[in-house]
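Step one of this worksheet: look at the structure below.
Below, each value reflects all heavy atoms present in this structure, side chains not excepted, and no hydrogens, waters or symmetry copies.
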Amino acid sequence: MWPVSARFRDVIAGSHRAISRAVLVEGHQFGPNPTGVELPILGGDVQLTASSDIKGTLDLTVPADYFDQVDPYGLEIFVERGIFFGDGSTEMVPVGYFRIDDVVQRPAPNGPARIDGVSREAQLIDNRPILPYQVPTGVTHRSAFYALVNGYTPEGGAQVVAPMFSDAVVPIDWDDAGYDPDEATVTAGQIVEDSGFDFLAKLASARGCVLRFRPTGELAVERVDGAELAAGRIGRAAQELIAAFGDPTIQVHEDFSFVGMSDNGGSWNDGLVTGYIAAHPGATFEPDGDGHYVWTPDPVLYLERVVEGEAALSPVVWEIHGGPSGTLVDASRSKTRRGVYNLTRAVGSDTTAQTGYQIARITDPLSPLRQGGLFGTVPRFYASPVLKTAEAAAKAAETIQARVRGLPKELSLFVVPNPALRPLDIISSALTGRGQQPERHVLESVTIPLASGEGASAPELRTRTMNAIADVSVDDPQDPNFPDPTDPTDPVDPTDPTDPGPGTGEPDPTDGTQAAVQRGWGAIIDGDEFDYTGRPSGKWGLYDGAGHDGNGRRSPSAYTVHDGMMTCHGENKVSGGCAFSRGEMGARVEIRARVYNTGGGNDRYHPVLILWPDNDDWPGGAEYDFMECDEGTGKFGLFMHLPNHQPYRQDHYEEPLDLTQWHNYACEWNPSAKTLKAYVDGREVYAGSGRVAEAPGPMHLTIQLDDFGGNPRPCNFDIAWVRHYQRPNA
């Protein structure tokens with residue numbers, strides 16, 4: 001929570017006069033009082049989130065006269081909100097600096113201008129190294145951060161990367177990191193090739209910290225409140241690891257990676273790793289490729305456990321209650337079964353170490369999630385090269401299944417605005433008034449309105465918790481109904497380089513860089529994780545008929561769901577197409593996909609991800625092909641068809657990309673703002689506005705493997721997941 005006076009805290013819960021201020025900043029500045037042009041505020045809000053890389057987004061509407069001043073050439077807007085007291089004094093709370101990304105005026109030229117902005121994390125994410133940068137051996141965290149943010153080491157010297165800002169040096173604040181950045185060093189041999197932000201975020205997360213830009217503009221490395229393991233207390237960490245594993249040979253590194261030696265003195269003891277994961281379900285452990293495991297906390301989930309078990313470490317910063325004198329205006333609650341599974345299948349994906357499929361399941365007869373009960377059987381598939389033995393795979397299955405403690409629950413509180421609240425703050429609420437026992441919650445997102453007065457809606461505080469149920473137990477027998485990878489009759493052949501293998505449900509094994517996460521799209525509202533087997537579910541309509549322009553056939557038989565993914569196979573002029581059942585006026589959708597050949601030949605199939613008009617009116621209804629290319633060419637492309645192909649046919653973009661690897665392809669269509677955007681691995685590759693975004697009716701997602709003629713060589717189009725988010729301006 002941003003520090004405010006006692007007077008502010010007393011007044012904010014009652015009747016008061018709120019004031020907001022927006023300043024078009026001159027260059028890049030820091031602090032709560034930047035110079036620039038003050039913008040009249042007609043409406044808008046700021047949304048702050050804990051789970052997104054980009055921590056804040058700005059939606060601001062200003063008068064028409066300012067349209068020509070608010071250009072998206074790197075200009076920023078500083079926003080603050082506060083209280084005007086009865087004695088004429090004010091107390092303002094800085095909300096943040098936001099880069100202008102989009103400006104839309106409707107109707108032009110006299111209508112108001114609507115500005116979309118993003119917090120400074122977006123600039124750091126966009127500022128990727130042009131050439132690979134090898135971090136020098138032994139460099140400190142302070143030097144590594146300074147170099148990748150400001151272009152130079154603190155000691156000076158040659159430029160190593162382009163600076164985040166060309167006109168200002170970004171201060172980096174370590175006061176709340178919980179460790180000494182001059183003592184911590186980067187492991188030898190690290191190369192930053194693509195994303196400096198991702199590299200720095202991993203350094204921070206290894207210490208239990210997150211990166212965020214403060215409302216006053218400085219970059220802060222902040223530990224998650226209450227996460228004591230992340231506070232740099234190596235001695236205590238070693239004791240906890242030894243206690244958890246019962247293995248005194250554990251070595252804890254300063255970056256919180258650790259090694260557990262087995263009896264032979266050299267190889268990994270995977271049971272130790274998975275055992276510690278089970279003890280700390282708010283964190284993940286991943287091999288870093290250099291013989292270490294890295295501990296990475298999920299800030300919200302880890303903090304939930306702190307709230308549940310160690311409340312004294314995380315004091316409540318604001319109490320919310322209903323009633324005539326309360327701060328609660330309205331509330332909503334939701335529960336979902338989406339993403340919940342009651343059976344886990346784990347297998348080692350290293351073909352030199354056959355583990356067999358190991359199964360863990362919920363069997364507690366008192367659990368409503370038990371396999372064989374009303375919940376049904378909902379499996380999750382996991383594979384990892386780290387798993388070398390059947391015992392390790394069984395332990396991994398048990399550990400992963402043990403994370404399911406209940407159904408996810410979301411609570412939305414619509415409250416009297418408090419601009420001092422921040423994501424990850426601890427609040428308490430009693431939904432029915434002062435008489436009810438309050439519950440503690442961790443804030444995942446905070447909305448701060450910029451307009452006030454009559455007609456202004458109450459802002460939303462959103463929390464994420466787990467609706468805990470009775471303790472569940474798991475067992476891990478080898479299930480005879482699942483195929484054995486050592487069986488030569490099994491359809492999955494681990495020795496076949498063209499076989500996609502056992503899959504993971506997160507086949508990379510991570511989800512990669514997602515536009516939805518970086519852009520703060522919020523919760524998944526629809527989609528398919530392919531956590532089942534057989535034909536695609538009833539959400540999909542499978543094509544059955546002639547192929548593209550009459551070439552070949554599209555057949556439902558081309559599609560199978562297996563091992564945590566959906567595959568469309570094309571061969572002998574037979575491929576497939578399918579349509580998702582969700583049609584909307586506007587869309588935010590992201591798909592993780594790869595395409596690769598499984599046989600020889602000169603002609604190629606043509607994978608496409610499309611937003612297609614629900615009424616099939618073409619070209620009148622437009623067509624947004626946000627991923628369209630030829631298999632095997634090493635090029636990504638997109639084609640955005642204008643409605644009626646007027647005043648021209650389409651926008652086109654392409655770039656080199658290895659399509660055989662997993663990538664995330666996303667599309668954002670905002671018909672209200674008349675904008676259309678496409679992303680690859682979280683990176684914006686296309687931004688259109690005006691006519692191209694004026695599709696006249698609802699559209700839905702289609703996935704196609706098209707035949708453009710000739711005799712295309714056999715190939716697979718794999719889809720790891722499809723995720724829909726709340727459409728813009730819904």
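Donor-acceptor pairing under 3.5 Å is recorded for the side chains of Glu218 and Thr216. For the residue pair Tyr679/Gln514, the side-chain donor-acceptor check at 3.5 Å is not satisfied. Looking only at atom types and distance, the side chain of Thr35 has a donor-acceptor partner in the side chain of Gln29 under 3.5 Å away. Gln47 and Ser445 form no side-chain donor-acceptor contact under 3.5 Å, judged by distance and modelled atom types alone.
What you find for Val25 and Leu75 is that their closest heavy atoms are O-CD2, 4.4 Å.
Taking the charged nitrogens against the carboxylate oxygens, Glu121 and Arg212 have no contact shorter than 4.0 Å, which rules out a salt bridge. The pair Asp101-Arg99 meets the salt-bridge criterion, since a charged nitrogen lies less than 4.0 angstrom from a carboxylate oxygen. Contact check on Asp102 versus Lys677 returns a salt bridge, with a Lys/Arg side-chain nitrogen under 4.0 Å from an Asp/Glu carboxylate oxygen.
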request  = Start with the C-alpha gap between Glu80 and Ser20, add the side-chain angles, then the distance that decides, and say whether side chain to side chain donor-acceptor pair (under 3.5 Å) holds.
outcome  = CA-CA 6 Å; Glu80 59 183 350; Ser20 298; over 6 Å; no
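Between the CZ atom in Arg592 and the CG atom in Asp681 there is a gap of 7.0 Å [rounded to 0.5 Å].
Between Phe165 and Phe30, the ring-plane angle classifies as tilted under the 30° and 60° cut-offs.
In this structure, Arg519 forms no cation-pi arrangement with Trp521, as its terminal cationic atom is not both closer than 6.0 Å to the ring centre and no more than 45° off the ring axis.
Between Tyr665 and Phe636, the ring center distance clears the sub-6.0 Å criterion.
Shown here is Glu655, whose CD atom has more than 12 heavy atoms of other residues, nucleotides or ligands within 6.0 Å.
Not one N or O on the side chain of Tyr97 forms a donor-acceptor pair closer than 3.5 Å with the backbone of Phe213.
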